[in-house]
Amino acid sequence: MRDGAESFALADRTFFDWPGNWDLEATRFPAPPLPDGWTREDNEAWTICRPPEDRLPDQGWKIHVSASPDDAPRTLADVAGYCARHGIAFKYLKSANVQRALSRKYAQRSSAGKLLTVYPEDEAELARTLEGLDAIVGGRPGPYVLTDLRFRQGPLYVRYGGFRTHYVEDADGELVPAFRRPDGTPEPDRRTPVFHTPDWVTVPDVLKDSLAARQAVDDFPYRITGALHFSHGGGVYRAEPAGEQALGAGQHSVVLKEGRPYSGTDGVGRDAVARLAHEHRILTQLAGLPGIPRTFGTFQAGEHLFLVLEDIEGQDFQSWLAGLYPLTVPEPDEAAVAAHRDRALALFGRIEELLASVHDRGVRIGDLHPGNFIIQPGDVPVLLDFEVADQIDLATPSSLGAPGFHRADATGADGDHYALAAIALWMFLPLAALGGLAPDKASALLDTATRRFGLPGHLVSRLAPQLAPNDNTTSPLRSVPEAFPPSDILASIDRGLRDSATPHRTDRLHPGDFAQFAEGGAGFGHGAAGVLWARHTALGERDEEGAAWLRAAVDRVTAERIGFYDGLHGIAYVLAELGDREGALRALDRAADRLPVRHCPSLYRGLSGAGLNLLHFADVLDDGALRQQALDLADRVTARLATARTEPIERTRRRGSTHAGGLMYGWSGPALFLLRAHRATGDPALLDEAVRAVHRDLDRCSPGPQDTLQVDEGFRLLPYLDNGSAGIALVAAELLRHRDDARLREALPGLLRACSSDFVIESGLWGGRAGLIGTLATLRAQAPWPPETAERYLRRHLTNLHQHAMTLNGATVFPCDGRARISMDVATGGAGVLLALSAAERGTPLLPFLPDPRSAAAGQPAVPERARGAHGTATPTVPTGPAGTADNGREVS
């Protein structure tokens with residue numbers, strides 16, 4: 001699961017939702033009594049309690065209170081009572097289930113462990129409150145809050161931060177919580193899992209002893225040489241002995257697994273310390289087996305437990321598969337397909353033998369999945385992670401498991417046998433996680449893998465019963481028929497979008513990727529605006545109830561979120577498309593004040609998306625002031641480009657515009673904006689800058705197999721729309737209609753070949769198959785192969801969508817990136833697939849401001865050329881489509 005996803009996957013088995021909605025009423029904490037005049041207000045996870053007089057500053061020292069699950073109600077009552085008596089604002093988690101969600105192993109480490117937050121008015125009240133609360137709850141058990149300084153023995157923790165919600169743009173263009181320096185300058189409120197104070201803040205005297213205790217260096221028997229993994233339960237580190245520990249012949253380094261008390265809990269409430277001690281006992285029971293790491297014991301450092309393990313040479317299983325998988329190219333070599341089958345089968349046989357030897361020792365693994373293997377040279381498997389392993393004769397299911405590799409009701413060895421079958425499937429079709437959503441999906445994928453790889457019958461006959469759905473499933477999701485896509489695929493996807501709507505909720509209209517909760521649920525990429533535009537563009541539908549919801553959301557969206565795909569500019573565009581001129585202009589007005597303080601040049605959340613939208617509205621409304629605002633943004637983008645071109649290329653997975661390549665986060669999105677600015681003014685310098693911007697993205701690309709050209713992140717190559725070669729191809733092709741640039745012309749064939757892979761792990765528009773479909777459909781006339789080959793690649797993508805697709809109450813739906821839940825949004829889910837299929841079948845635009853396939857095939861610009869006067873001024877062309885009437889009598893589309 002992706003980082004942060006676990007907490008949002010607990011409340012609903014089909015869609016992501018707030019952890020606060022996970023059986024809320026059944027687990028809600030009793031509301032502490034409040035004096036007259038106090039207010040009590042719920043948000044997604046917290047209940048906020050305020051005294052009658054709001055005296056709080058915008059920022060200051062805040063107190064976090066942690067508690068063990070068993071002690072939480074008592075601690076909540078005691079702390080709330082103290083705050084109520086002394087008139088101090090506070091908030092608390094709404095329910096025991098929210099506390100559980102924020103304590104899970106893969107909960108966000110920066111927010112985990114907090115039960116209450118107390119807001120002292122000033123440092124004097126901070127000191128009084130710490131002393132007062134320590135006298136009541138001091139020394140009670142609770143998880144360590146990693147962002148904070150612990151006061152005495154806990155469970156009180158303190159950090160300096162914002163009290164009221166403000167945002168600022170960080171170095172990657174992300175909106176993050178902020179406070180202000182003494183001169184009023186905003187600064188990111190860093191919420192990394194380490195204690196930090198701003199350089200202009202002095203630690204109060206009441207915390208000096210706490211700071212000294214934190215900075216004290218305890219004797220630690222190892223020297224850390226690298227971090228391998230982090231979770232809320234603790235880190236995993238590579239280390240070397242600091243003293244005279246004997247590790248054995250040829251053993252110079254070890255792996256240390258850390259367990260933090262009351263943190264990283266599993267499904268039955270065991271914390272990381274308990275699981276780590278348990279893992280040591282299991283490893284001792286398995287000692288001497290080939291494929292099982294040696295353990296050198298455990299030791300305590302402070303309150304944390306460390307397990308010392310043998311450092312295994314090799315590569316993780318996912319990297320092993322990625323380096324060998326033969327279907328990630330346009331034309332798979334059948335000899336390579338057969339060679340992969342034979343090598344994978346040999347490795348699978350060794351994994352079976354390893355698991356059988358573990359079972360013979362009386363142990364079940366319980367959490368068996370590819371992430372828990374190291375593959376040594378010679379394809380020798382080593383099994384890691386025995387935190388939830390247990391005696392094989394236990395009649396209880398495992399308390400943890402990876403989606404698609406875990407059958408929740410399986411006991412004894414049955415769960416391991418199911419996971420083993422899922423691993424076999426994953427080695428040939430790495431979509432096994434989908435079996436965690438639709439109970440019959442694994443069987444359908446096994447049929448596909450059997451045909452594609454020619455799997456032997458004896459293996460299939462063993463795997464099929466294990467992967468078949470059992471009778472206990474309650475999931476409403478099912479696999480799709482093999483005849484895919486059906487003739488009514490657009491209507492079927494639309495039915496799924498329509499049926500998923502929740503207009504009674506203000507936080508979202510349609511379920512999507514959990515990113516929608518950070519962005520507010522209304523944006524184009526992950527929220528309502530994109531879904532409404534997709535249905536309108538692909539099918540001509542105008543959802544009146546949805547349009548009303550989006551209009552109301554204009555005033556709920558964080559004012560700082562002004563981007564096209566994450567905020568107000570995208571909402572304005574869609575409202576205008578739906579005929580709501582008043583709502584669109586209100587969204588533009590809200591965004592206008594925030595543009596001067598934004599710097600990110602990206603299309604997704606920055607200046608380029610806003611600039612494109614301002615040019616669009618300037619044309620529609622014949623508004624010179626909006627046009628000038630857009631051109632001012634173009635100047636800022638070119639200035640940022642000039643700086644970026646002097647910076648070294650970093651091969652990294654960061655998604656900020658400074659460190660990414662592609663349409664949404666890289667320089668191809670700004671190039672699209674600069675091209676449109678050129679078209680608005682006739683200024684050739686803007687066209688020059690647009691070409692330079694795409695060149696900057698090409699600098700991030702590297703050659704891939706079969707003459708492909710893809711964005712290079714240092715450890716992988718990406719062909720996708722958002723951060724990959726597909727997005728670069730769309731803009732490069734559009735630029736070539738205006739300027740014959742040799743580098744763009746030479747790069748375009750390789751960029752398009754990268755869009756033609758047989759296998760794609762995700763289905764979505766941003767980072768999956770739908771984006772490749774939309775790109776090939778839009779640029780099929782520019783493809784470096786005969787028309788029949790282009791059509792074959794496109795049809796193969798359309799057919800292979802069945803690998804990802806499912807049905808929900810008869811409607812076709814698609815999983816989000818990571819395949820943990822179903823998504824309806826444009827970026828990762830059904831709305832994006834709808835746009836891609838409509839582009840391929842009907843020639844509709846893939847996204848706003850991109851050329852539609854019909855104009856691209858004809859070699860025409862993405863929008864009609866505009867007549868120019870003697871000084872290069874433009875006469876606007878008003879787009880056609882659903883419209884309202886603007887104040888000046890022109891249509892707003």
Side-chain angles (χ1 to χ4, degrees), residues 497-498 501-503 505-510 512 516 519-595 603-605 609-623 626 629-630 824-827 831 834-835 844-845 847-849 876 878-893:
L497 296 173
R498 186 174 62 248
T502 54
R505 293 179 59 158
T506 58
D507 60 335
R508 75 170 191 206
L509 179 60
H510 295 275
Q516 72 175 198
E519 295 181 359
F524 198 109
H526 293 294
V531 177
L532 294 173
W533 190 81
R535 296 180 62 203
H536 180 66
T537 299
L539 300 168
E541 295 187 2
R542 188 185 190 280
D543 182 341
E544 298 289 348
E545 189 173 36
W549 188 99
L550 188 62
R551 177 181 180 141
V554 169
D555 294 323
R556 296 194 297 263
V557 173
T558 300
E560 292 89 347
R561 201 168 286 283
I562 55 89
F564 189 87
Y565 284 97
D566 74 335
L568 289 164
H569 270 281
I571 295 169
Y573 179 89
V574 172
L575 285 172
E577 289 283 291
L578 297 176
D580 187 347
R581 171 181 55 88
E582 182 181 349
L585 294 179
R586 190 166 78 251
L588 282 183
D589 287 343
R590 286 202 73 212
D593 292 340
R594 304 293 176 169
L595 271 174
L603 177 62
Y604 186 86
R605 55 181 171 248
L612 281 164
N613 197 44
L614 289 171
L615 286 175
H616 167 76
F617 275 95
D619 284 356
V620 169
L621 301 174
D622 193 16
D623 189 322
L626 290 179
Q629 287 180 36
M824 300 295 174
D825 66 30
V826 162
L834 177 67
L835 286 170
T844 54
L847 288 170
F849 315 123
V878 180
T880 58
T885 304
D887 292 337
N888 59 9
R890 295 184 180 272
E891 289 185 329
V892 179
S893 68

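The chain is numbered in sequence order, starting from 1. Note that these values count all heavy atoms, side chains included, but never hydrogens, waters or copies made by symmetry.
Nearest heavy-atom pair, Thr844 versus Thr537, reported as atom, atom and distance to 0.1 Å: CG2-O, 3.7 Å. Across every non-hydrogen atom of Ala528 and Leu550, the tightest pair is CB-CD1, 4.3 Å. The minimum heavy-atom distance between Leu568 and Thr558, with the atom names listed, is CD1-O, 4.5 Å. Taking all atoms of both residues into account, the shortest heavy-atom contact from Thr506 to Trp549 is O-CZ2, 3.6 Å. Considering every non-hydrogen atom in both Ala529 and Gly570, the closest pair reads CB-O, 4.4 Å. Scanning all heavy atoms of the two residues, the minimum distance from Ala587 to Ala572 falls at CB-CB, 3.7 Å.
Residues Asp543 and Arg498 are not paired through a salt bridge, judged by the lack of any N-O separation under 4.0 Å between the basic side chain and the carboxylate. A salt bridge does not link Arg605 to Glu519: none of the charged nitrogens lies less than 4.0 Å from a carboxylate oxygen.
Residues Leu847 and Tyr565 are in side-chain contact: their nearest non-hydrogen atoms beyond the backbone lie under 4.5 Å apart. For the pair Leu621 and Leu585, the minimum side-chain heavy-atom distance is below 4.5 Å. Within the 4.5 Å cutoff, the side chain of Glu577 has no heavy atoms near those of the Leu532 side chain. Put simply, the side chain of His569 reaches to within 4.5 Å of the side chain of Leu588, judged on heavy atoms. Counting only heavy atoms from C-beta outward, the side chains of Leu575 and Arg551 approach each other to under 4.5 Å. When side chains are defined from C-beta on, Ile562 counts as touching Leu595, because their heavy atoms get closer than 4.5 Å.
Judged purely by atom type and a 3.5 angstrom limit, Gln516 has no side-chain atom pairing as donor or acceptor with the backbone of Gly527.
With values rounded to the nearest 0.5 angstrom, His616 atom NE2 is found 8.0 Å from Phe564 atom CZ. How far CG of Leu509 is from CD of Glu545: 8.0 Å, rounded to the nearest 0.5 Å. Here the CG-CG distance, from Asn613 to Leu626, works out to 9.5 Å after rounding to the nearest 0.5 Å. Within the model, atoms CZ of Arg508 and CE of Met824 stand 9.5 Å from one another, a figure rounded to the nearest 0.5 Å.
Residues satisfying the side-chain hydrogen bond (donor to acceptor under 3.5 Å, both in side chains) test with Arg561, not counting sequence neighbours, are Asp566. Judged as a side-chain hydrogen bond (donor to acceptor under 3.5 Å, both in side chains), and not counting sequence neighbours, the contacts of Asp507 are Trp18, Arg505. Remark: Ala831 engages Leu497, Val531, Ala534, Val826 in a side chain to side chain contact (heavy atoms under 4.5 Å, CB included) (not counting sequence neighbours). Among residues two or more places apart in sequence or in another chain, the salt bridge (Lys or Arg N to Asp or Glu O under 4.0 Å) test is passed with Glu544 by Arg542. Among residues two or more places apart in sequence or in another chain, the side chain to side chain contact (heavy atoms under 4.5 Å, CB included) test is passed with Ala559 by Arg590, Arg594.
Centroid-to-centroid, the aromatic rings of Phe524 and Tyr573 stay 6.0 Å apart or farther.
Counting only residues at least two apart or on different chains, no salt bridge (Lys or Arg N to Asp or Glu O under 4.0 Å) pair has a member in residues 520-531.
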